[in-house]
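Here's the structure, in structure tokens; my notes come after.
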There are 2 protein chains.
Amino acid sequence: MSDRPGRGHSGTPRRIPEATVARLPLYYRALVDIAEHRISTVSSERLAELAGVNAAKVRKDLSYLGSYGTRGVGYDVEFLLHQISRELGLTRDWPVAIVGVGNLGQALANYKGFGARGFRIAALVDADDDKVGREVDGLAIEPIRALPEIVAERQISIGMIATPAHVAQEVADLLVAAGVRSILNFAPAVVAVPDGVSMRKVDLAIELQILSFYQLRKGGPARRRDRAATGAMDVEEGLEQGLDGLHQGMAG
Amino acid sequence: MSDRPGRGHSGTPRRIPEATVARLPLYYRALVDIAEHRISTVSSERLAELAGVNAAKVRKDLSYLGSYGTRGVGYDVEFLLHQISRELGLTRDWPVAIVGVGNLGQALANYKGFGARGFRIAALVDADDDKVGREVDGLAIEPIRALPEIVAERQISIGMIATPAHVAQEVADLLVAAGVRSILNFAPAVVAVPDGVSMRKVDLAIELQILSFYQLRKGGPARRRDRAATGAMDVEEGLEQGLDGLHQGMAG
DNA sequence: CCCTCCTTGTGCACTCGCTCACAAGCGCGC
DNA sequence: GCGCGCTTGTGAGCGAGTGCACAAGGAGGG
Ligand SMILES: NC(=O)c1ccc[n+]([C@@H]2O[C@H](COP(=O)([O-])OP(=O)(O)OC[C@H]3O[C@@H](n4cnc5c(N)ncnc54)[C@H](O)[C@@H]3O)[C@@H](O)[C@H]2O)c1
Ligand SMILES: NC(=O)c1ccc[n+]([C@@H]2O[C@H](COP(=O)([O-])OP(=O)(O)OC[C@H]3O[C@@H](n4cnc5c(N)ncnc54)[C@H](O)[C@@H]3O)[C@@H](O)[C@H]2O)c1
């Protein structure tokens, strides 16, 4: 915050569209790569290429953050990295709790890719007493009934639900009651959360079904091994992914 | 494109919007639940509730499949289930290959939720010779160089990439070369595929960053700044998830 | 000091998806 | 046989997001 270069007359530069927010992490990742190559400036064209989007979109997206580019030159990599990172809150520490330490929960707990962006697994919680006490990657599994204290003491802000689907809503309710305001749900279930709590979901089965839908309309039902199959359904590039699921109740 | 589809005839009535395709799996899941309760008809209202969407949206979505409802009554559960399932290709068998049997790959391989929808893990592939030969859930891990034969012989249609990000593009290329036309990518990397190949991605880190973005503007844990305290950022319900990522090259 | 080159920032037109609201249509009771 | 109530199917209006194309504007060379 502090000094707001560019167009910050008032408090917030402008509202950042949802679609833009979803792309900022892509730019961030691309910029990290660029920075590692000791490159100091980057054009929207190049950034677009690395992020896999359109150059105009990159410029428009970045313009929501402020006028951070230099005409005729491009964007300063370090500076932009800092701005995006601040905007996304990556300069902070985000303690995460994983609820349900089964197959998926363990994989998540073992995953090393979180720390870099400030997301830190701070708690593993399960309802199975046989699992409680066991350690995963140096972190002990704790009983679900301890959730309120855990969330409060460790300032947990994000909860991941990796339990069976039929208890997902119940778990979400517990997380919310404990004070968690952001939830990432991996269970294939519709989970409702009150206003003020964000919920996003990752649903494997849906992704696969979308893929099969389109595959069905490509080479025809009877799979042929030939590649010049000439699908009857010609969808041009640029179709956006997903849109599935709700992002509920962002209010404070 | 040319003629007004009408319906009634056996072909595909009309083009189904991307957003609708992404929701069909939700309806499918809700309908399965309903069918298990021995309920024979369902209204759009009820279905909407169970799928977590708006009733009008349900009706419009289902209308793309054809006029399958009965006014004053609702939709026949079994019939609708069959129609959606046919539309999504769930009546078929979809052999899936997992490339990269590490943390995540193993969790996926052990996951029991695939079979129900026709998705069957038919191959586990890894580049690490130490892993090759080991079994996961009764399926042996095979060397990546055998991919072409594996894909051809087992009629693999979908590939999942669960390797480190820096080899994701390389792996995608191998999958495409082997004949796979649908890819689900879990690696945090931009992966390009040629026309005719569908690519979807699941990116944990992006989801978390989106969550932290909104959490930051809510009146977060360490609250300081912000004039209007809590209510500053009041996003109403119904914000859609994602839009991130491309669905490239659907052409045949 | 001006001119040219290059890239940003954005106005605009267009597409897509969402929601509302209501007429059409079906079944059931009278 | 006829209306009545309920639910579907959809036209229309609206808002969000996208991509084009270009003017605005900084940098560096002459
Ligand atoms: N494994 C995968 O690759 C995968 C892929 C996609 C989706 N999913 C979904 O993720 C979820 C977890 O999958 P999994 O394979 O890890 O299942 P799992 O059965 O291996 O693990 C579930 C864990 O949740 C715990 N649990 C059950 N009820 C609980 C409760 N009320 N509170 C706290 N913990 C509870 C169980 O003790 C268990 O440890 C499922 O909903 C599944 O559909 C998994
Ligand atoms: N583990 C998670 O929970 C998690 C969460 C989000 C994203 N991811 C992403 O999923 C991917 C896999 O994560 P992980 O934790 O399983 O990593 P991992 O290191 O445990 O597993 C990677 C596997 O890929 C194999 N591999 C490497 N190069 C290969 C190649 N060229 N061809 C075939 N196989 C190859 C390795 O031998 C290893 O078995 C990573 O890109 C990671 O960022 C993982």
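Just so it is clear: chains get the letters A, B, ... in the order the sequence lines come, proteins before strands, and each one is counted from 1. Note that the structure is predicted; figures quoted are calculated from it, not measured. Side chains included, hydrogens not; waters and symmetry mates left out as well; all remaining heavy atoms used.
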So, OP1 or OP2 of D:dA16: does either fall under 4.0 Å of a side-chain N or O from A:Tyr64? no
Do you know which two heavy atoms are closest between B:Ser44 and B:Arg59, and how far apart they sit? OG-NH1, 3.0 Å
Give a yes/no answer on whether the side chain of A:Ser44 brings an N or O atom under 4.0 Å of OP1 or OP2 in C:dT7. no
Separation of D:dT7 atom C1' from B:Tyr68 atom OH, nearest Å, is 19 Å
Could you verify whether a donor N or O on one side chain and an acceptor N or O on the other, from B:Lys57 and B:Thr20, lie under 3.5 Å apart? no
From CG of B:Leu65 across to C1' of D:dT8 the rounded distance in Å is 14 Å
Which parts of nucleotides 25-30 of chain D does protein reach within less than 4.0 Å, heavy atoms only, written one letter per nucleotide 5' to 3' as B for base, S for sugar-phosphate only and - for none? BBS---
D:dG19 base / A:Lys60 side chain donor-acceptor hit below 3.5 Å: yes
Between A:Phe119 and A:Trp94, what is the ring plane arrangement, given parallel below 30°, perpendicular above 60°, and tilted in between? parallel
Tell me: CD of A:Glu45 to C1' of C:dC6, nearest whole Å? 12 Å
Specify the separation, in whole Å, of atom CD of B:Glu18 and atom P of D:dG17. 16 Å
Is B:Tyr75 near enough to C:dC26 that one of its side-chain N or O atoms lies under 4.0 angstrom from OP1 or OP2? no
C:dC6 P sits how many Å from A:Arg46 CZ, rounded? 18 Å
Gap between atoms CG and P, on B:Leu47 and D:dG9 respectively (whole Å): 12 Å
Using a cut-off of strictly less than 4.0 Å, decide whether A:Asn54 has a side-chain nitrogen or oxygen near OP1 or OP2 of D:dC20. yes
I want to verify a distance call: between D:dG19, C:dG17, C:dG9, whose nearest atom is closest to the A:Ser63 side chain? C:dG9
Using the side-chain contact (heavy atoms from CB on, under 4.5 Å) criterion, which residues pair with B:Glu170? Sequence neighbours excluded. B:Val167
Looking at the base of C:dT19, is there any donor atom on it, or on the side chain of B:Lys57, that sits under 3.5 Å from an acceptor on the other one? no
Distance flag, aromatic centroids of A:Phe79 and A:Tyr68, threshold under 6.0 Å: yes
Nearest nucleotide by nearest heavy atom, which residue falls closer to the 5' end of DNA chain D, A:Ala56 or A:Pro17? A:Pro17
Atom CD1 of A:Ile16 and atom P of D:dG17 are separated, to the nearest Å, by 12 Å
Could you check which of D:dA12, D:dC22, C:dA21 has an atom nearest any side-chain atom of A:Arg59? D:dC22
By side-chain contact (heavy atoms from CB on, under 4.5 Å), B:Ile84 pairs with (sequence neighbours left out) B:Leu24, B:Tyr27, B:Tyr28, B:Leu31, B:Leu62, B:Leu65, B:Leu80, B:Leu88
Check the distance between C:dG17's C1' and B:Leu24's CG and give it to me in whole angstrom. 15 Å
Verify whether one side chain among B:Asp76 and B:Thr41 offers a donor that lies under 3.5 Å from an acceptor in the other. no
